[in-house]
**Q** 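Input: one structure, supplied below.
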Amino acid sequence: MKILKKPAGTLDILPVDAIKRKFLEDRIRKIFDLYNYAEVRTPSFEKTELFRRGIGDETDIVSKEMYSFKNDEFTLKPEMTAPVIRAYIENSLFNRSGIQKLYYIANMYRHERPQSGRYREFTQFGAEAIGSNDYSIDIEMIALSVKIIESLNIKNLSTKINTIGSPDERSRYLSELKNYLSKYINDLSEISKTRLEKNPLRILDTKIPAEIEILESAPLLYDFLNKQTKEHFSNVLSGLDGLDIKYSTDYRLVRGFDYYTSTTFEVISDDLGAQNAILGGGRYDNLVEQLGGKPAPAIGFACGLERLMIILEKNDFKYPDEENIKVYISPIGDKAVKESLKLLFRLREAGIKCDMDFLSRSLKAQLKEANKFGAEYVLIIGPEELERDIIKVKKMDESTESEIKLNDLTNKPNLLFQ
RNA sequence: GCGGGUAUAGCUCAGUUGGCAGAGCGUCAGAUUGUGGCUCUGAAUGUCGCGGGUUCGAGCCCCGCUACUCGCCCCA
């Protein structure tokens, strides 16, 4: 019989990795909590329409990467901002406070070709702050995302920041950009040619050297932004300076979702391969309204957990060890097994992490197993011990043995550690 | 959707001009008849990814397929 394998681009998270993820998730939750962000969980799938309207029909994600089913009615979530905003509107969260600060850790699904740092099912953590247009929340959001990564002692990071203005401000610029690029139409790649019609802004982050050269003397989006947008941006930058957050501005930073307005940012790492973006985010002041809610400005970010883990691996990050078992019980013979089970559960009731042999193995094999588990004590129960109503207690690190009365231990399990 | 690379034991990988299928790690057993780690000795485990072709003979050469992987596009 042929064995079945997991779908391409998915991961089996075995104990050795699950421990690492648990550590990271705990660390991340702690920081979100410290910043007074509250957790939100949404369904694994949503109406397809939500992503069409939220992310944009022309984006790569919506046009070709979604896992959709039931006649395209539903889609596994490819990103979290649209669902969070949907939940915000649907549950009238705006009635609770002027600003909602929410965070999530959840799995996302995108049907792309898998490669290093890119999976079809992957984990993102991120935050959304909904309701404020103030530059101060931009600063908190960017600082928060940077601080989470910094808390893991990651080096070789760079934070890039840009502002892309509102759709109104952009439209004037886009026609100028189109005019300019049209002159070079024959030097543009096929992709850029189509983008020129559908989404000219995306041409800005091309990686083709020849196109970058053409863009050198292209009109600058920044010059088309109105005074408030520029002021907002400079306030964000000086606020980050005040918090000693290192960044560089990058006018070519435009992000792949249609909903972004004003501030955008991204953190990249040299330790990732081709997928060098570990974290991305920005302001999306029109999305709430676009999804049918009472207009509310918002800003958020998302970070890839798997990419974070790749970086940590490259940095030889030392994850804390898991807690070893305290006690391992070694029964010899049938009668001893029953006695051992009773004792095992008694110890657990007392909150002592413990295990026993379930394979009727030789004492030698059992001690080997206990050693592997890092057990502090091994309790040996065999015919001789049962005869005398005692248990042999072996302290592993000292290789010393003592005896203890079975009754005493049952009454006071913590006697072991005194 | 488009390119490159790889596929041999549970894991990491050797395998020469085509000539008996290998190592390290891990597992198990023994040295120690009821005592772990360290050491020594021994053992088990293979559809050499799948299908075809060439050949006296294929893990090795040729063709096709599949899977995995890296990259392009895009993104976390």
Side-chain angles (χ1 to χ4, degrees), chain A residues 1-11 14 16 55 58-66 77-81 104-126 145 149 189-192 194-195 199 202 205-208 253-257 266-269 272-281 300-311 328 330-333 336 357 359 361-386 392-401:
Chain A
M1 180 111 76
K2 204 172 175 184
I3 62 159
L4 295 166
K5 307 215 281 185
K6 65 187 181 328
T10 61
L11 296 167
L14 303 178
V16 62
I55 304 170
E58 297 301 333
T59 59
D60 283 340
I61 288 184
V62 172
S63 63
K64 61 184 191 195
E65 293 170 4
M66 298 211 295
K77 62 186 173 202
E79 63 100 46
M80 196 59 174
T81 301
Y104 58 86
I105 303 178
N107 284 356
M108 308 298 154
Y109 304 85
R110 293 182 198 172
H111 191 114
E112 304 175 86
R113 278 294 282 274
Q115 65 189 66
S116 178
R118 193 170 68 197
Y119 306 93
R120 288 182 172 174
E121 180 183 51
F122 60 101
T123 310
Q124 281 187 342
F125 62 88
S145 62
I149 299 178
S189 63
E190 283 310 308
I191 305 160
S192 291
T194 16
R195 284 205 182 125
N199 196 353
R202 297 302 323 276
D205 72 349
T206 179
K207 284 171 192 159
I208 304 167
L253 174 67
V254 292
R255 301 189 41 77
F257 301 143
E266 199 169 273
V267 177
I268 60 175
S269 162
L272 290 166
Q275 276 64 240
N276 64 354
I278 175 178
L279 177 158
F301 81 91
C303 183
L305 189 69
E306 288 80 8
R307 288 186 186 179
L308 190 60
M309 292 178 76
I310 290 173
I311 295 173
Y328 187 89
S330 286
I332 303 161
D357 173 78
L359 291 167
R361 284 182 283 197
S362 67
L363 180 59
K364 182 184 183 133
Q366 295 191 41
L367 282 163
K368 260 190 186 173
E369 182 95 326
N371 194 58
K372 231 179 290 172
F373 288 146
E376 202 172 323
Y377 295 96
V378 172
L379 306 185
I380 301 168
I381 309 177
E384 296 166 23
E385 288 78 10
L386 287 174
K392 208 173 262 177
V393 178
K394 177 162 182 143
K395 192 161 188 335
M396 294 298 272
D397 58 349
E398 291 170 6
S399 278
T400 54
E401 284 185 15

**Q** How close or far is atom C1' of B:C74 from atom CD of A:Glu58, stated in whole angstroms?
**A** 15 Å
**Q** Output the rounded distance in Å from CD (A:Gln124) to P (B:A76).
**A** 6 Å
**Q** In whole Å, measure the gap between the C1' atoms of B:G46 and B:G22 for me.
**A** 11 Å
**Q** List the residues meeting side-chain hydrogen bond (donor to acceptor under 3.5 Å, both in side chains) with A:Asp357, not counting sequence neighbours, and say none if there are none.
**A** A:Arg361
**Q** When the distance from CD1 of A:Ile268 to P of B:A76 is rounded to whole Å, what number comes out?
**A** 13 Å
**Q** Say we look at B:G19 and B:A58: how far apart would their P atoms be, to the nearest angstrom?
**A** 11 Å
**Q** Looking only at atom C1', what distance separates B:G26 and B:U32, rounded to whole Å?
**A** 23 Å
**Q** Give the ring-plane orientation class for A:Phe373 versus A:Tyr328, where under 30° counts as parallel, over 60° as perpendicular and anything between as tilted.
**A** tilted
**Q** Check every strand shown and say whether A:Leu308 touches a base, only sugar-phosphate, or nothing at a heavy-atom separation below 4.0 Å.
**A** nothing
**Q** Do A:Glu58 and A:Ser63 have side-chain N/O donor and acceptor atoms under 3.5 Å apart?
**A** no
**Q** In whole Å, measure the gap between the P atoms of B:G57 and B:G5 for me.
**A** 30 Å
**Q** So A:Phe122 and A:Arg307, do their side chains get closer than 4.5 Å, heavy atoms only?
**A** no
**Q** Just to verify, which of A:Glu112, A:Met108, A:Arg113 counts as forming a side chain to side chain contact (heavy atoms under 4.5 Å, CB included) with A:Arg120?
**A** A:Arg113
**Q** Any non-hydrogen side-chain atom of A:Glu369 less than 4.5 Å from a side-chain atom of A:Leu359?
**A** no
**Q** Just the table, please: protein N/O against nucleotides 24-29 of chain B N/O, every pair under 3.5 Å.
**A**
residue: B:U27; atom: OP1; partner: A:Lys372; partner atom: NZ; Å: 3.4

**Q** Between B:U12 and B:C68, how far apart are the two P atoms, rounded to whole Å?
**A** 16 Å
**Q** Tell whether A:Glu385 reaches the base of B:G34 with its side chain through a donor-acceptor pair below 3.5 angstrom.
**A** yes
**Q** The criterion is salt bridge (charged side-chain N to carboxylate O under 4.0 Å, His left out); which residues satisfy it with A:Glu121, sequence neighbours excluded?
**A** none
**Q** Taking atom types as they are modelled, would you say the side chain of A:Arg110 forms a donor-acceptor pair with the base of B:A76 within the 3.5 Å cutoff?
**A** yes
**Q** Please enumerate all residues that pass side-chain hydrogen bond (donor to acceptor under 3.5 Å, both in side chains) together with A:Lys395, with sequence neighbours excluded.
**A** A:Asp397
**Q** Check every strand shown and say whether A:Asn371 touches a base, only sugar-phosphate, or nothing at a heavy-atom separation below 4.0 Å.
**A** base
**Q** Could you tell me whether A:Gly117 contacts a base, only the sugar-phosphate backbone, or nothing, with contacts defined as non-hydrogen atoms closer than 4.0 Å?
**A** base
**Q** For a quick test of reading the model: is some side-chain N or O of A:Arg120 closer than 4.0 Å to OP1 or OP2 of B:A76?
**A** no
**Q** From OH of A:Tyr104 over to P of B:A76, roughly how many Å is that when rounded to an integer?
**A** 9 Å
**Q** Base, sugar-phosphate, or nothing: which does A:Lys5 touch, judged by heavy atoms less than 4.0 Å apart?
**A** sugar-phosphate
**Q** Toss me the dot-bracket line for RNA chain B: Watson-Crick and G-U wobble, both under 3.5 Å, 5' to 3', using | for pairs to another strand and [ ] for crossers.
**A** (((((((..((((.....[..)))).(((((.......))))).....(((((..]....))))))))))))....
**Q** Measure distances between side-chain N and O atoms of A:Glu401 and base N and O atoms of B:U35, and say whether any donor-acceptor pair falls under 3.5 Å.
**A** yes
**Q** When you measure from the side-chain N and O atoms of A:Gln115 to the phosphate of B:G71, is any distance below 4.0 Å, counting only OP1 and OP2?
**A** yes
**Q** Do A:Cys303 and A:Phe125 make a side-chain contact, defined as non-hydrogen atoms from C-beta onward lying under 4.5 Å apart?
**A** yes
**Q** Take A:Ala8 and A:Glu384, find for each the nucleotide of RNA chain B with the closest heavy atom, and name the residue whose nucleotide sits nearer the 5' end.
**A** A:Glu384
**Q** Just the rounded figure in Å: distance from P of B:C75 to CD of A:Glu79.
**A** 12 Å
**Q** Assuming nearest nucleotide by heavy-atom distance, tell me which of A:Pro114 and A:Ile278 is located more 5' along RNA chain B.
**A** A:Pro114
**Q** Rounded to whole angstrom units, what separation is found between the CD atom of A:Glu121 and the P atom of B:A76?
**A** 17 Å
**Q** Considering only the C1' atoms, how many Å lie between B:C74 and B:G1, rounded to the nearest integer?
**A** 12 Å
**Q** In whole angstroms, how far is the P atom of B:A76 from the CE atom of A:Met80?
**A** 15 Å
**Q** Between the protein and nucleotides 2-12 of chain B, list every N/O to N/O distance that falls short of 3.5 Å.
**A**
residue: B:C2; atom: N4; partner: A:Arg113; partner atom: NH1; Å: 3.1

**Q** Under 4.0 Å, counting only non-hydrogen atoms across every strand here, what does A:Ile332 touch: a base, just sugar-phosphate, or nothing?
**A** base
**Q** Mind calculating the distance between CD (A:Glu65) and P (B:A76) to the nearest angstrom?
**A** 10 Å
**Q** Under the 3.5 Å rule, do the base of B:U35 and the side chain of A:Lys394 count as making a donor-acceptor pair?
**A** yes
**Q** Give the nucleotide from the list B:A76, B:C75, B:U35 with an atom nearest to the side chain of A:Asn276.
**A** B:C75
